[in-house]
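See below for the structure under consideration.
Throughout, a chain's letter reflects where its sequence line sits, starting with A, and its residues are numbered from 1.
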2 protein chains.
Amino acid sequence: MNKKEIQEQRVKGYFITATKDLLKSEGLKSVSVRNIADRAGYSFATLYNYFKDVKDLVFLCVKDFREECREYVDTRTTTVTPGNKRLKAIILAYMEYFIQYPGIFDLFFAEKLSDISGKGDTSTLITSLLEELCAADWDYCIDMRMLTSREAGLKKAALLYGTTGLLTLYLNRRHPGSYDAFFKQATHFIDSQLKS
Amino acid sequence: MNKKEIQEQRVKGYFITATKDLLKSEGLKSVSVRNIADRAGYSFATLYNYFKDVKDLVFLCVKDFREECREYVDTRTTTVTPGNKRLKAIILAYMEYFIQYPGIFDLFFAEKLSDISGKGDTSTLITSLLEELCAADWDYCIDMRMLTSREAGLKKAALLYGTTGLLTLYLNRRHPGSYDAFFKQATHFIDSQLKS
DNA sequence: TTTACATTTTGAACACTGTTCAATATATTT
DNA sequence: AAATATATTGAACAGTGTTCAAAATGTAAA
């Protein structure tokens with residue numbers, strides 16, 4: 001029924017919102033079935049009527065966070081000069097977003113997906129985010145004959161791997177040891193990669 | 001006393017060996033206080049007479065794995081021509097080691113350190129491994145005037161970030177989707193970074 | 001309105017996790 | 001052999017995810 005569908009989606013939304021709030025404020029380690037249900041105003045058992053397990057619920061947040069990150073980056077890079085300059089700004093803002101919400105980084109890149117089957121698209125959702133954010137400016141550079149399509153492909157990959165690694169090392173291993181040092185390393189890395 | 005010290009180190013060793021075996025065979029998720037103690041032939045409570053908590057014990061394994069990785073890489077790269085060629089071989093072997101033991105990668109780069117205080121050197125132990133493996137060949141390239149010291153520093157950092165990110169994405173997000181594709185990406189990335 | 005059925009919500013229970021602590025067992029010394 | 005010191009241990013507690021039968025609620029029919 002339609003009414004039933006609407007209500008189901010509503011309750012699902014309560015759980016998702018609770019999970020997102022918890023993840024952003026307390027981090028991934030505090031995301032538990034009982035904590036989520038408390039925030040949503042339901043019993044922990046109710047959660048299992050709407051999601052097959054807690055990982056399923058947690059990974060449903062990826063879509064929303066992806067959009068949030070997109071907006072975060074867009075609002076602070078639209079006025080920047082297209083091309084290399086904006087690419088740098090986009091990548092820095094992208095990293096900044098995860099620095100601000102380490103729990104979201106954990107969810108995106110560290111948390112293991114439970115079942116490998118149908119969740120391939122969640123992985124794609126995550127790994128394609130940076131590429132999507134940069135797409136227009138890579139195209140711009142290619143159109144301007146600053147880069148070949150082949151070169152752009154290599155740089156895209158290197159920047160995805162590098163930013164992921166740098167964030168992993170900084171958030172999980174405090175390397176570099178301060179935010180200033182991290183930021184300096186990030187800019188150096190991006191500059192070195194964008195340099196033709 | 002000396003006798004006491006020897007016995008204490010021996011029992012500690014039993015727990016560390018058990019943890020290492022478990023980590024390599026079953027992965028980090030199976031490393032629990034009771035599983036470790038079972039393998040070591042003690043009660044789970046005994047563990048707390050030798051280590052302040054389970055994370056302390058788990059991170060003590062880093063030192064041994066570091067040595068193991070070092071040997072793994074050394075034995076398959078000593079005969080390679082020094083310079084860029086050997087650098088590539090070293091970095092590939094380094095990645096290969098973690099592909100073989102995903103649990104060790106989790107321990108090195110994903111697992112959060114419990115207390116931030118005295119464990120800074122464990123982080124350093126981890127983040128300096130690749131640099132140490134490559135040190136001789138970077139020096140070789142600098143001596144041969146193939147690189148300036150400054151350029152080498154940039155490349156070192158980029159390769160550390162890139163390998164960490166590529167391994168994170170492949171092991172946690174199946175990106176790229178197959179080992180063949182992963183290997184191809186890894187070689188492309190390394191080649192592009194080593195290219196002056 | 002009351003009865004009957006369908007759906008949603010829920011807490012108890014189970015198997016796990018890490019950790020603490022008092023009791024037990026072992027080793028050492030007197 | 002008795003007294004003391006040390007090592008080992010299981011019970012207990014608070015937390016985790018998950019299942020399931022019972023209770024509460026909503027809906028339809030009599």
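Between Q7(B) and V33(B), it is V33(B) whose nearest contact on DNA chain C lies nearer the 5' terminus. Each of S32(A) and A45(A) has a nearest nucleotide on DNA chain D; the 5'-most of these lies closest to S32(A).
Computed from coordinates, the E8(A) CD to dA6(C) C1' distance equals 15 Å when rounded to whole Å. Taking atom CG of residue D38(B) and atom P of nucleotide dG10(D), one finds them 10 Å apart after rounding to whole Å. Straight-line distance from the CZ atom of F51(A) to the C1' atom of dT9(C): 15 Å, rounded to whole Å. With rounding to whole Å, I36(A) atom CD1 is found 7 Å from dG17(D) atom P. Per the geometry, CG belonging to D53(B) stands 5 Å off P belonging to dT19(C), to the nearest Å. Taking atom NZ of K29(B) as the reference point, atom P of dT17(C) lies 13 Å away to the nearest angstrom. Remark: C1' of dG10(D) and CG of L47(B) are 15 Å apart, rounded to the nearest angstrom. In this entry the distance linking CG of N49(A) with P of dC20(D) reads 12 Å, nearest Å.
Contact between the side-chain N/O atoms of S43(A) and the OP1/OP2 oxygens of dT9(C) is not found at any separation under 4.0 Å. For Y50(B) and dT8(D), the shortest distance from a side-chain N or O to OP1 or OP2 is below 4.0 Å.
Counting heavy atoms from C-beta on, the side chains of Y170(A) and H175(A) never come closer than 4.5 Å. Y140(A) has its side chain out of reach of L87(A): every pair of non-hydrogen atoms, C-beta onward, lies at least 4.5 Å apart. With a 4.5 Å cut-off on side-chain heavy atoms, L28(B) and P102(B) do not count as touching.
Between the side chain of R34(A) and the base of dG15(D), no donor-acceptor pair under 3.5 Å is found.
The pair D106(B)-K112(A) meets the salt-bridge criterion, since a charged nitrogen lies less than 4.0 angstrom from a carboxylate oxygen. A salt bridge links E68(B) to K24(B): one of the charged nitrogens lies within less than 4.0 Å of a carboxylate oxygen.
Ring centroids of Y179(A) and F182(A) are separated by less than 6.0 Å, placing the two rings close together.
Across all non-hydrogen atoms, the minimal contact from Q185(A) to L166(A) is C-CD2, 4.2 Å.
Nearest to the side chain of F44(A), among dT9(C), dG10(D), dG11(C), sits dG11(C). If you check dT8(D), dT18(D), dT20(C) against the side chain of Y48(A), the one that comes closest is dT18(D).
In the helix from dC5(C)-dG26(D) to dT30(C)-dA1(D), the rotation axis of the first five pairs and that of the last five pairs differ in direction by 30°, rounded to 10 degrees.
Using a 4.0 Å heavy-atom cutoff across all strands shown, Y42(B) reaches sugar-phosphate atoms only and no base atom.
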